[in-house]
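One structure is given below, encoded as structure tokens.
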Amino acid sequence: MTQDLSPVMQAAGVPAEQQNATMTMRYHDWGAPVNVAAPPADQVGELKTVR
């Protein structure tokens, strides 16, 4: 799946020359068992809002 992030970058106020952005995700192993654990506290932070 490829997503165009340009509108998000524009809404965030990123300079025009840096607004072209895409993200490509590849999913695999649907239904396979997984182990999920929270990251250590020193690896967690807040995402600050850009205005």
Side-chain angles (χ1 to χ4, degrees):
M1 175 170 93
T2 299
Q3 183 176 8
D4 180 6
L5 297 174
S6 300
V8 175
M9 301 296 274
Q10 183 179 14
V14 174
E17 64 275 3
Q18 298 174 0
Q19 288 180 3
N20 294 329
T22 58
M23 175 174 55
T24 300
M25 297 167 278
R26 296 174 192 251
Y27 296 99
H28 58 89
D29 296 334
W30 289 100
V34 297
N35 292 316
V36 179
D42 65 345
Q43 293 182 15
V44 177
E46 284 190 38
L47 180 60
K48 304 228 187 287
T49 303
V50 177
R51 293 181 191 239

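These figures come from a predicted structure and were not determined experimentally.
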Qualifying residues under side chain to side chain donor-acceptor pair (under 3.5 Å), relative to D4, sequence neighbours excluded: S6
Set of residues satisfying side-chain contact (heavy atoms from CB on, under 4.5 Å) with respect to M1, sequence neighbours excluded: M25, Y27
Using the side-chain contact (heavy atoms from CB on, under 4.5 Å) criterion, which residues pair with P33? Sequence neighbours excluded. none
Any side-chain hydrogen bond (donor to acceptor under 3.5 Å, both in side chains) pairs touching residues 33-42, not counting sequence neighbours? none
Show every side-chain hydrogen bond (donor to acceptor under 3.5 Å, both in side chains) that has at least one partner inside residues 10-25, sequence neighbours left out. T2-T24
